Novice: 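Can you read through this structure? Questions will come right after.
Whatever order the structure lists ligands and atoms in, that order sets their numbers, starting from 1. Being a predicted model, the structure only gives us computed values, none of them experimental.
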Amino acid sequence: MSQQIVISGVGIWTPEHSITNEELVDSYNAWVDAYNDDNKQAIEAGEIDAKPYSSAEFIEKASGIKQRYIYQKAGALDIDRMRPLIDDRPDDALSHQAEIALAAAKKALSAANKDASDVDAVIVSCAYTQRAYPAIAIEVQEALGIEGFAFDMLVACSAATFGMHRAYEMLCAGNAKCVLVINPELVSPQINYTDRDSHFIFGDVATATVLEHAETANAEHVYDVLSTKAVTKYSSNIRSNFGYMTRAQDVDPYGPDKLFHQAGRRVFKDVCPMAADHLSEHIERHNLTASDIRRWWLHQANINMNTLICKKLLGRDATADEAPIVLDEYANTASAGSVIAFGLNHEDLVKGDVGVLCSFGAGYSIGSLVIQKR
Ligand code: COA
């Protein structure tokens, strides 16, 4: 069998519930009023600061986000709760994350014209798994009836591309024949809905891709993986400290530092040049320049980041056709953003067109794949 590895299917599961910026801000501002009222004396005495309002205009201008999807809307906008309400399921029931992973996986399998019996490895790669073990990937493997092996991996915002990299390598090594990579980004439980700086950033989604050898691919839209490239550089500027250690540390396991938090402006400044350099180096490997790339399926955290990165690469603004944006509708979906962009915008490419999938974020981490339509 040749070593040519392909992406032969992509699937996106989108939650039925959504929250607009206006709904989110109305809830946050009502929570602020209640907080400032409850803490009136301490605020007047200068002991604590009053909480400022959030604004839908700021959110759209600073990030490009207009709305986000959420797995369970109940609770997230309730000012007495400010977190989604998700039922606790017994050990013998399908877990929430496996449920959304399965939904995306089935769509990717169908796009790839594959049955579960064709697949022999499952990777669940995302920013958070809802438990440490048994792996969500093994639960999905069982639910689909897949023979072979499965494992979870966490690489924050780059989990989807890093997962595809591992699939590519497993296929090259001959350790698997067809790999399902799933990104169930159930991020809403980790959002601090009482934090003005970050309450608007994330949305839930699940994406999946099928990777296999070119010889076995029989889908309508198949992409040769020309190469993969990854880099990481340690930074605490995007961080979540939630974890099993909190039980031994006698701290609030849900305190603000245990939830997603970031130094957004620093991240913006650090990651944009890193991502632009990474992408130019990656396409240079193939003697390609930015103008040779038909489509950029970039990470979807902030529209201004994508605009800047494209400008650095192309020397001009990219059109929406060259670098599609999905974050206006989906918000930042951790690692799944570039896969959503790919899933919704790839069928019009013609044989020979080259595109680049790239994610970037916490770690810091950057992962990319240069792919070519078959
Ligand atoms: N509503 C109104 N004002 C707000 C606000 C909100 N929700 N959030 C912050 N502000 C205020 C700030 O307090 C600040 O006020 P000041 O100038 O009086 O101090 C001002 O708006 C600007 O805040 P800043 O945080 O500097 O905004 P920004 O332009 O950097 O945009 C992000 C914030 C988060 C959208 C942006 O930095 C970003 O997206 N960075 C990249 C993050 C990223 O990609 N992370 C990866 C995660 S996977």
Novice: Ligand 1 and Tyr53, any nitrogen or oxygen pair closer than 3.5 angstrom?
Specialist: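 No; the residue has no nitrogen or oxygen that sits under 3.5 Å from a nitrogen or oxygen of the ligand.
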Novice: Looking only at protein heavy atoms, which one is nearest to atom 40 (N) of ligand 1, and what is the separation?
Specialist: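 So the nearest neighbour among protein heavy atoms is Gly264 O, 3.0 Å.
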Novice: Can you tell if the side chain of Ile366 reaches within under 4.5 Å of the side chain of Met274, non-hydrogen atoms only?
Specialist: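 The answer is yes; the side chains approach within 4.5 Å.
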Novice: When you look for heavy atoms under 4.0 Å from ligand 1, do you find them on the side chain of Val271, its backbone, both, or neither?
Specialist: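 For Val271, no heavy atom sits under 4.0 Å from ligand 1.
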Novice: Can you tell me which portion of Asn304 lies within the under-4.0 Å heavy-atom range of ligand 1? Options are side chain, backbone, both, or neither.
Specialist: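 No part of Asn304 comes within reach of ligand 1.
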Novice: Check each of Arg196, Met305, Lys269 against atom 12 (C) of ligand 1 and report the one with the nearest heavy atom.
Specialist: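 Ranked by closest heavy atom to atom 12 (C) of ligand 1, first place is Arg196.
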Novice: Hey, is Ser54 touching ligand 1 through its side chain, its backbone, both or neither, going by heavy atoms under 4.0 Å?
Specialist: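 Ser54 to ligand 1: contacts from backbone and side chain alike.
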Novice: Kindly determine whether Glu322 and Arg316 satisfy salt bridge (charged side-chain N to carboxylate O under 4.0 Å, His left out), including the steps that lead there.
Specialist: CA-CA 12 Å; Glu322 289 169 316; Arg316 60 169 171 81; 2.8 Å; yes
Novice: So, is His299 polar-close to ligand 1, with some N/O to N/O distance under 3.5 Å?
Specialist: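 Among all N and O atoms of His299, none is under 3.5 Å from an N or O of ligand 1.
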Novice: For the residue pair Phe242 and Tyr254, does the interplanar ring angle fall in the parallel (under 30°), tilted (30 to 60°) or perpendicular (over 60°) class?
Specialist: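 Ring orientation of Phe242 relative to Tyr254: parallel.
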Novice: Is the closest side-chain heavy-atom distance between Phe202 and Glu185 below 4.5 Å?
Specialist: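 Not touching, per the 4.5 Å side-chain cut-off.
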Novice: Would Val10 end up clustered with Leu226 when hydrophobic side chains under 4.5 Å apart are linked, directly or stepwise?
Specialist: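 Hydrophobic grouping puts Val10 apart from Leu226.
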Novice: Ala362 near ligand 1, heavy-atom distance under 4.0 Å?
Specialist: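 The answer is no: ligand 1 sits nowhere under 4.0 Å from a heavy atom of Ala362.
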Novice: Identify which of Cys157, Gly64, Gly361 has a heavy atom lying nearest to atom 48 (S) of ligand 1.
Specialist: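 Going through Cys157, Gly64, Gly361 one by one, Cys157 has the nearest heavy atom to atom 48 (S) of ligand 1.
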Novice: Closest non-hydrogen protein atom to atom 39 (O) of ligand 1, residue and atom name please, with distance?
Specialist: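 Result: Asn302 ND2, 2.7 Å.
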Novice: If I apply the N/O under 3.5 Å rule, does Gln262 come out as touching ligand 1?
Specialist: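 Between Gln262 and ligand 1, an N or O pair is found under 3.5 Å apart.
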Novice: Who's closest to atom 26 (O) of ligand 1 heavy-atom-wise, of Gln300, Arg265, Arg266, His199?
Specialist: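 Nearest option to atom 26 (O) of ligand 1, by heavy atoms: Arg265.
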Novice: What about Ala62: any of its N or O atoms under 3.5 Å from an N or O on ligand 1?
Specialist: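 N/O-N/O distance below 3.5 Å does not exist for this pair.
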Novice: Taking the side chain as every heavy atom from C-beta outward, state whether Val205 and Asn183 have any atom pair closer than 4.5 Å.
Specialist: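 With C-beta onward as the side chain, the pair stays apart.
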Novice: I'd like to know if the side chain of His278 pairs up with that of Ser368 as donor and acceptor (distance under 3.5 Å, no hydrogens or angles considered).
Specialist: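 Checked: His278/Ser368 side chains pair up, N/O donor to acceptor below 3.5 Å.
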Novice: The test is salt bridge (charged side-chain N to carboxylate O under 4.0 Å, His left out); show your working for Asp321 and Arg295 and say whether it passes.
Specialist: CA-CA 7 Å; Asp321 182 66; Arg295 192 153 290 154; 2.7 Å; yes
Novice: For the side chain to side chain contact (heavy atoms under 4.5 Å, CB included) test, which of Asp328, Thr20, Val187, Asn21 pairs with Arg68?
Specialist: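 The passing option is Asn21.
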